[in-house]
There are 2 protein chains.
Amino acid sequence: MALSHAIMTALLEDEMSGYELAKAFDVTLGLFWHASHQQIYKELHKLTDKGWLEKEPVVQQGKPDKIVHRLTGAGREALAEWVWGESRMQEAKDDLWVKLYNLSADNISRLSAEIVQRREEMMGRLYLYEKIRRRHYDDPESLPIRRKGIYLALIAGIRQGENFLQWCDEALEFLARAENTATA
Amino acid sequence: MALSHAIMTALLEDEMSGYELAKAFDVTLGLFWHASHQQIYKELHKLTDKGWLEKEPVVQQGKPDKIVHRLTGAGREALAEWVWGESRMQEAKDDLWVKLYNLSADNISRLSAEIVQRREEMMGRLYLYEKIRRRHYDDPESLPIRRKGIYLALIAGIRQGENFLQWCDEALEFLARAENTATA
DNA sequence: CGCCGCATGTAATTAGTTACATGATTGT
DNA sequence: ACAATCATGTAACTAATTACATGCGGCG
């Protein structure tokens, strides 16, 4: 599984609570991964049981107490080993593609609307990630090695997103033409 | 779930056995979806229990007998309803992105090798899907409506793949530079 | 007082992978 | 004889979603 390794990766530089992790996921890994807080808490317990993380309760004022988690030496090793190992390409199992296989005169306007919606959502994400890129990864050649890796992942996500936006525009035009010829 | 709907989609035009479905998935939906035969058989039973599919044993000569599955009226309705409904964008939960967040002097050549491998795999897939596009979707404007939807999904996958290839090339160059400056 | 953000969880269900299991026919 | 392709499954496990549950503190 990769969620556990994604969590450990997020903890490489900072110790965090489950709540903080859930939010950090959306910000730093959001283009690639989303994890619910339930899943994260469960995973944190497992990783702590394995000895890859250690936890420490932290008393806060003005807020409920929290439990921060920190990578152990064994955790660092296990993570490095996982990075070294094999991994497989994942398909984009998105319902939208399956829906398009069902395109018909009945649902063409509905599917167009859905593409418009997707387009807007992607625009929002891209806006956020472009901002991060400009602010923190503007001069990629001079970044420290780990940040260079993050940079590569970031631009992969941004490119993918831009590519999707372009597809949306073309698809919407194409569908509009298809709708017209159908009713003409 | 979408696997069940992907299966029903595949059965829109032809009745098929589980074995045939497993192969058809790799060919027609392969850029977006892969499903093991185990998962498909399980799903076929569920869908048949729901009354969305009906099955019929078919005796074959020279081959073991098979059980073909066919969409029922209720199945067609349920599928159309699903297409109409909401769906959410899916992230590309690929290990590669998480691994890149762990880039270090120790693993940079390993990760470069992995990108080379991914590049080759994607090249192979693209070759196949480009061939399908040229052969069956060369004149998209004149396709019947359903095929137009498939065309849109197909070019989305192809674009995504080409985009990935380009990223691979740039990433590999970038990593090579990073490796040199590290050892210089 | 009620809503929002912070903070952590359990339980049930659904989805997907991996390993195991069987047996027929065709080609070498 | 042996491997490859065709064909269908079960069992165990891992991963992910959805629903449910609790409680504090600050703000209007």
Side-chain angles (χ1 to χ4, degrees), chain A residues 1-8 15-27 29 32-50 53 55-69 82 85-95 98, chain B residues 1-8 15-27 29 32-50 53 55-69 82 85-95 98:
Chain A
M1 191 205 358
L3 173 61
S4 56
H5 297 98
I7 289 175
M8 287 196 282
E15 54 184 37
M16 275 190 262
S17 68
Y19 190 84
E20 288 161 341
L21 269 167
K23 280 192 308 175
F25 252 68
D26 282 351
V27 176
L29 268 168
F32 314 117
W33 215 290
H34 172 77
S36 62
H37 72 273
Q38 293 93 328
Q39 212 184 336
I40 287 172
Y41 285 121
K42 210 191 296 175
E43 214 55 52
L44 284 173
H45 289 308
K46 274 195 216 169
L47 290 170
T48 308
D49 286 348
K50 277 192 192 170
L53 298 181
K55 57 181 173 178
E56 191 184 338
V58 171
V59 180
Q60 300 185 106
Q61 68 266 58
K63 289 180 192 178
D65 297 351
K66 64 181 178 182
I67 304 165
V68 297
H69 297 261
W82 173 81
E86 299 270 313
S87 73
R88 284 189 226 157
M89 200 153 69
Q90 284 301 302
E91 296 88 20
K93 294 190 174 183
D94 195 307
D95 289 1
V98 180
Chain B
M1 194 204 356
L3 174 60
S4 55
H5 297 96
I7 288 175
M8 288 196 282
E15 54 184 37
M16 275 190 261
S17 68
Y19 190 83
E20 289 162 340
L21 269 167
K23 280 193 307 175
F25 251 69
D26 282 351
V27 177
L29 268 168
F32 314 117
W33 215 290
H34 171 77
S36 61
H37 73 273
Q38 292 95 326
Q39 211 185 336
I40 287 173
Y41 285 121
K42 209 192 297 174
E43 215 54 52
L44 284 174
H45 289 308
K46 274 194 216 168
L47 290 170
T48 308
D49 288 347
K50 276 192 190 169
L53 299 182
K55 56 180 174 180
E56 190 185 336
V58 172
V59 179
Q60 301 185 106
Q61 68 266 58
K63 289 179 192 178
D65 298 350
K66 64 180 179 181
I67 304 163
V68 297
H69 296 260
W82 173 80
E86 299 269 314
S87 72
R88 284 189 224 157
M89 198 153 71
Q90 283 302 301
E91 296 88 18
K93 293 190 173 183
D94 195 308
D95 289 2
V98 180

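Each chain gets a letter, A, B and so on, in the order its sequence line appears, and its residues count up from 1. What's counted below: heavy atoms across the whole structure, side chains too, no hydrogens, waters or symmetry copies.
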Whole Å only: how far is the [atom1] atom of [X] from the [atom2] atom of [N]?
{"X": "Lys93(B)", "N": "dT14(D)", "atom1": "NZ", "atom2": "P", "value": "18 Å"}
{"X": "Lys46(A)", "N": "dG9(C)", "atom1": "NZ", "atom2": "P", "value": "15 Å"}
{"X": "Trp33(B)", "N": "dG16(C)", "atom1": "CH2", "atom2": "P", "value": "6 Å"}
{"X": "Asp95(B)", "N": "dG16(C)", "atom1": "CG", "atom2": "P", "value": "16 Å"}
{"X": "Ile67(B)", "N": "dG9(D)", "atom1": "CD1", "atom2": "C1'", "value": "9 Å"}
{"X": "Tyr19(A)", "N": "dC24(D)", "atom1": "OH", "atom2": "C1'", "value": "13 Å"}
{"X": "Ile40(B)", "N": "dG16(C)", "atom1": "CD1", "atom2": "C1'", "value": "12 Å"}
{"X": "Gln39(A)", "N": "dG16(C)", "atom1": "CD", "atom2": "P", "value": "14 Å"}

What are the two closest heavy atoms between [X] and [Y], and how far apart are they?
{"X": "Leu47(A)", "Y": "Met8(A)", "value": "CD1-CG, 4.2 Å"}
{"X": "Leu3(A)", "Y": "Gln39(A)", "value": "CD2-NE2, 3.2 Å"}
{"X": "Tyr41(A)", "Y": "Gly18(A)", "value": "CE2-CA, 3.7 Å"}
{"X": "Ala22(B)", "Y": "Ile40(B)", "value": "CA-CD1, 3.4 Å"}

Looking at [N], I'd like to know if its phosphate oxygens (OP1 or OP2) sit under 4.0 Å from a side-chain N or O belonging to [X].
{"X": "Ser17(A)", "N": "dC6(C)", "answer": "no"}
{"X": "Tyr41(B)", "N": "dT8(D)", "answer": "yes"}
{"X": "Arg88(A)", "N": "dT18(C)", "answer": "yes"}

Enter the distance from Leu44(A):CG to Ser4(A):OG here, rounded to the nearest 0.5 Å.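 Rounded to the nearest 0.5 Å, the CG-OG separation comes to 10.5 Å.
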Using a 4.5 Å cut-off on heavy atoms from C-beta on, say whether the side chain of Ile67(A) contacts that of Glu56(A). no
If you assign Lys23(B) and Glu91(B) each to the DNA chain D nucleotide with the nearest heavy atom, which residue ends up on the more 5' nucleotide? Lys23(B)
Nearest nucleotide by nearest heavy atom, which residue falls closer to the 5' end of DNA chain D, His45(B) or Gln90(B)?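 Taking each residue's closest nucleotide, the earlier one in sequence belongs to His45(B).
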Set of residues satisfying salt bridge (charged side-chain N to carboxylate O under 4.0 Å, His left out) with respect to Lys66(B), sequence neighbours excluded: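 Lys66(B) satisfies salt bridge (charged side-chain N to carboxylate O under 4.0 Å, His left out) with Glu20(B) only.
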Which residue lies toward the 5' end of DNA chain C, Asp65(A) or Ala35(B), if each is placed at its nearest nucleotide? Asp65(A)
Treat primed atoms plus P, OP1 and OP2 as sugar-phosphate and everything else as base, then score nucleotides 20-28 of chain C 5' to 3': B for base contact with protein heavy atoms under 4.0 Å, S for sugar-phosphate contact only, - for none. B--BBSS--
From C-beta outward on Ser36(B), which listed nucleotide comes closest to its side chain: dA16(D), dC6(D), dT18(C)?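 Of dA16(D), dC6(D), dT18(C), dT18(C) is nearest to the side chain of Ser36(B).
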